[in-house]
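To start, the structure itself, in structure tokens.
Proteins come first, then strands; the chains are lettered A, B, ... in the order of their sequence lines, and each starts at number 1. Note that these values count all heavy atoms, side chains included, but never hydrogens, waters or copies made by symmetry.
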Number of protein chains: 2
Amino acid sequence: MKLVQIYQCLCDETRLRLLNLLLKGPLCVCHLHGVLGESQVKISKHLGYLKARGLVTAKREGNWMIYALPPERERPPELVANLACLQDCTAENAVFKRDRAKLAKQDLSCSPLAAGAARGTKAKTCF
Amino acid sequence: MKLVQIYQCLCDETRLRLLNLLLKGPLCVCHLHGVLGESQVKISKHLGYLKARGLVTAKREGNWMIYALPPERERPPELVANLACLQDCTAENAVFKRDRAKLAKQDLSCSPLAAGAARGTKAKTCF
DNA sequence: AAGCTATATTCTTATATTAGAATATAGATC
DNA sequence: GATCTATATTCTAATATAAGAATATAGCTT
């Protein structure tokens with residue numbers, strides 16, 4: 001993985017916000033969409049950009065696409081370093097904090113990410 | 001300083017190479033030009049880009065412009081973190097190592113950066 | 001002041017990025 | 001199989017970035 005490509009991924013505000021959330025764990029598009037409040041197309045395209053460059057992985061689960069950071073053991077050192085740095089830099093920042101707070105409050109029950117126990121109460125749709 | 005602006009500065013290979021060298025200390029344009037082997041215009045424009053966003057400072061000394069990272073006490077935390085990360089990520093990289101080696105070998109005597117003692121032997125021109 | 005050196009700016013062209021609108025697709029459900 | 005949901009792609013237009021060529025400028029030196 002080339003260093004400059006990592007920075008190319010990090011040089012857009014929307015992508016930074018996405019990565020900030022993915023640092024908390026895997027998420028499907030609809031939840032990222034819900035937290036950021038940006039259009040579905042915009043979210044999807046930026047996730048595609050990140051995926052094409054190896055910053056995130058994607059796997060389908062039924063209707064949902066689950067995006068995540070690559071498994072820790074497979075992250076090249078430059079990525080490890082920059083993700084740590086990003087986490088550090090976003091820790092006290094208002095926008096990123098708000099996004100994380102919004103994620104924490106969000107109903108995740110529509111997606112396969114919901115904890116097994118809560119599955120029964122799954123919402124019918126995301127939107 | 002906005003985080004995304006730092007990344008916008010870091011997302012170009014030429015600018016990464018410039019910053020890699022400036023991490024070693026202040027330098028004038030002609031030495032950066034000499035090490036990178038890129039055109040003077042290209043170097044100057046990228047330095048201008050970095051300066052406009054506060055990643056580097058510039059001061060004139062006679063004919064020379066001396067570029068440097070901002071004084072440590074004035075660096076916002078995001079910049080401190082990202083410069084440390086950059087130093088880490090470039091430490092073992094071939095291109096960046098070669099640039100540093102080339103800088104170490106380079107004759108700096110043309111510029112005001114030459115040590116006082118060596119001033120007498122100053123080269124007439126850079127090129 | 002004339003000429004030289006180091007550096008910056010302007011102009012132009014090529015390319016990349018970004019976003020929205022409209023549409024397409026994959027997989028589930030009825 | 002028709003429909004619905006979540007997500008992706010295509011098309012288009014606006015804007016940003018990057019690089020080179022030519023030229024300009026600031027400050028020395030003579």
Examine B/R53 relative to B/Y49 and say whether NZ or CZ is less than 6.0 Å from the centre of the six-membered ring and inside a 45° cone about the ring axis.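 Checked: cation-pi criterion met.
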Is [Y] close to [X] at the side-chain level, that is, under 4.5 Å between some pair of heavy atoms?
| X | Y | answer |
| --- | --- | --- |
| B/E38 | B/H46 | no |
| B/L69 | B/L19 | yes |
| B/T57 | B/E74 | no |
| A/L36 | A/L21 | yes |

If I take atom SG from residue B/C11 and atom CG from residue B/L16, how far apart are they, to the nearest 0.5 angstrom? 8.5 Å
Restricting to nitrogen or oxygen on both sides, can you table the protein-nucleotides 21-23 of chain C pairs closer than 3.5 Å?
none

Write down the distance between [atom1] ([X]) and [atom2] ([N]), rounded to a whole number of angstrom.
| X | N | atom1 | atom2 | value |
| --- | --- | --- | --- | --- |
| A/I66 | C/dA26 | CD1 | P | 18 Å |
| A/H46 | C/dT18 | NE2 | C1' | 7 Å |
| B/I43 | D/dA18 | CD1 | P | 13 Å |
| B/H31 | C/dT7 | NE2 | C1' | 14 Å |
| B/L47 | C/dA6 | CG | P | 16 Å |
| A/W64 | C/dG27 | CH2 | C1' | 10 Å |
| A/Y49 | D/dA8 | OH | C1' | 18 Å |
| A/K51 | D/dA8 | NZ | P | 8 Å |

Please list each protein N or O that sits under 3.5 Å from an N or O in nucleotides 24-28 of chain D, with the distance.
from	atom 1	to	atom 2	distance (Å)
D/dG27	N3	B/N63	OD1	3.3

What residues, two or more places apart in sequence or in another chain, satisfy side-chain contact (heavy atoms from CB on, under 4.5 Å) together with A/A58?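 Checked A/A58 against side-chain contact (heavy atoms from CB on, under 4.5 Å); matches are A/K51, A/M65, A/Y67.
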Hydrophobic cluster membership, A/M1 vs A/L3, 4.5 Å side-chain cutoff: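 In one cluster with A/M1: A/L3, yes.
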Which parts of residues 6-23 of chain A get close to DNA chain D, meaning a heavy atom less than 4.0 angstrom away?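 Heavy-atom cutoff 4.0 Å gives no residues at all.
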Which of A/L55, A/V80, A/N82 passes side chain to side chain contact (heavy atoms under 4.5 Å, CB included) with A/R75? It is A/V80
Quick check on DNA chain C: between B/A58 and A/S39, whose nearest nucleotide comes earlier from the 5' end?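 The residue whose closest nucleotide sits nearer the 5' end is B/A58.
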Mind checking what makes salt bridge (Lys or Arg N to Asp or Glu O under 4.0 Å) contact with B/E92, not counting sequence neighbours? B/K97
Contacts of B/D12 that satisfy salt bridge (Lys or Arg N to Asp or Glu O under 4.0 Å) - sequence neighbours left out: none
Quick check on C/dT7: is either OP1 or OP2 less than 4.0 Å from any side-chain nitrogen or oxygen of B/S44? no
